[in-house]
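Because the structure is a prediction, the values reported are computed rather than measured.
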Amino acid sequence: MPKSVFKLAVCWCALAPAAALAALGDAAQSIELDRVQLNASARIVTAPRYTVYELTVPGGTIVREFVAPAGVVFAIAWRGPFMPDLRQALGAYFEPYQSAVRANSAGRAQVSVAQPDLVVNSGGHQRAFFGQAYLPQALPPGVTIDELR
């Protein structure tokens with residue numbers, strides 16, 4: 001295989017898992033579109049206070065989208081060899097997140113942002129990423145942060 005074709009294939013594989021996700025604050029209906037776009041397998045787990053849509057993409061990353069009874073995505077958690085596309089995952093909250101990271105981060109592998117309307121914890125290293133993002137004001141009553149994994 002020529003080097004240029006190999007490089008293109010490697011770049012495509014690295015970017016493919018970063019496809020769209022339902023964004024925080026979005027309606028749950030967008031999750032099925034995510035599953036199709038990501039070519040992911042899906043598992044739905046219903047808890048007493050929320051529903052979890054667990055998407056496993058072919059690259060091995062698992063993205064869990066937490067949906068409140070009102071049908072809104074209030075949290076997202078991930079783990080696996082690739083980071084999800086945080087611009088898509090955070091939606092309207094991406095710019096405030098990015099600003100907070102720039103102001104408080106010195107290129108660390110672990111990133112934590114805690115604002116009144118957004119909390120993001122993310123970390124890991126090549127082929128082993130993890131994280132969670134949630135909207136504190138949108139947490140259903142009785143839901144604890146430890147449940148959002």
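The two atoms that bring Pro96 and Ala92 nearest to each other are CD-O, 3.7 Å, heavy atoms only. When all heavy atoms are compared, the tightest approach of Trp78 to Ser122 is CZ2-OG, 3.7 Å. Smallest separation of non-hydrogen atoms from Gly123 and Gln110: CA-OE1, 3.8 Å. Across all non-hydrogen atoms, the minimal contact from Ala28 to Val67 is CB-CG1, 3.6 Å. When every heavy atom of Pro140 is checked against every heavy atom of Ala68, the shortest pair comes out as CG-CB, 3.9 Å. Heavy atoms only, all atoms of each residue included: Gly25 and Leu135 are closest at N-CD1, 3.7 Å.
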Legend entry - Worked verdict on Phe129 versus Thr61 for side-chain contact (heavy atoms from CB on, under 4.5 Å): CA-CA 9 Å; Phe129 295 98; Thr61 297; over 6 Å; no

Legend entry - Stepwise side chain to side chain donor-acceptor pair (under 3.5 Å) test for Gln115 and Tyr93: CA-CA 11 Å; Gln115 298 178 338; Tyr93 297 93; over 6 Å; no

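When side chains are defined from C-beta on, Arg127 counts as touching Phe82, because their heavy atoms get closer than 4.5 Å. In this structure the side chain of Val73 never reaches within 4.5 angstrom of the side chain of Tyr53, judged on heavy atoms. Side-chain contact between Leu118 and Leu24 is present, with at least one heavy-atom pair separated by less than 4.5 Å. In this structure the side chain of Ile62 never reaches within 4.5 angstrom of the side chain of Leu55, judged on heavy atoms. Contact of the Ile145 side chain with the Gln132 side chain is registered, since non-hydrogen atoms from C-beta on lie closer than 4.5 Å.
With values rounded to the nearest 0.5 angstrom, Arg87 atom CZ is found 5.5 Å from Glu95 atom CD. Annotation: the span from Ile31 atom CD1 to Glu54 atom CD amounts to 12.0 Å, rounded to 0.5 Å.
Listed for the Arg64 side chain is a donor-acceptor partner under 3.5 Å among the backbone atoms of Arg149.
Between Tyr50 and Phe74, the ring planes are perpendicular. Angles over 60° get that label, and only those under 30° would be called parallel.
Residues Val113 and Phe94 fall within the same hydrophobic cluster, defined by Ile, Leu, Val, Met, Phe, Trp and Tyr side chains chained together at heavy-atom separations under 4.5 Å. In the hydrophobic cluster analysis, where Ile, Leu, Val, Met, Phe, Trp and Tyr join through side-chain heavy atoms closer than 4.5 angstrom, Ile76 is grouped together with Val101. Linking ILVMFWY side-chain heavy atoms closer than 4.5 Å, directly or via other members, places Phe66 and Val63 in two distinct hydrophobic clusters. Taking hydrophobic clusters as Ile, Leu, Val, Met, Phe, Trp and Tyr residues chained together by side-chain heavy-atom distances below 4.5 Å, Val120 does not share a cluster with Leu139. Residues Tyr134 and Val45 are members of one and the same hydrophobic cluster, defined by side-chain heavy-atom contacts under 4.5 angstrom among Ile, Leu, Val, Met, Phe, Trp and Tyr.
The neighbour count for Gln137 CD, taken as heavy atoms of other residues, nucleotides or ligands under 6.0 Å away, is above 12.
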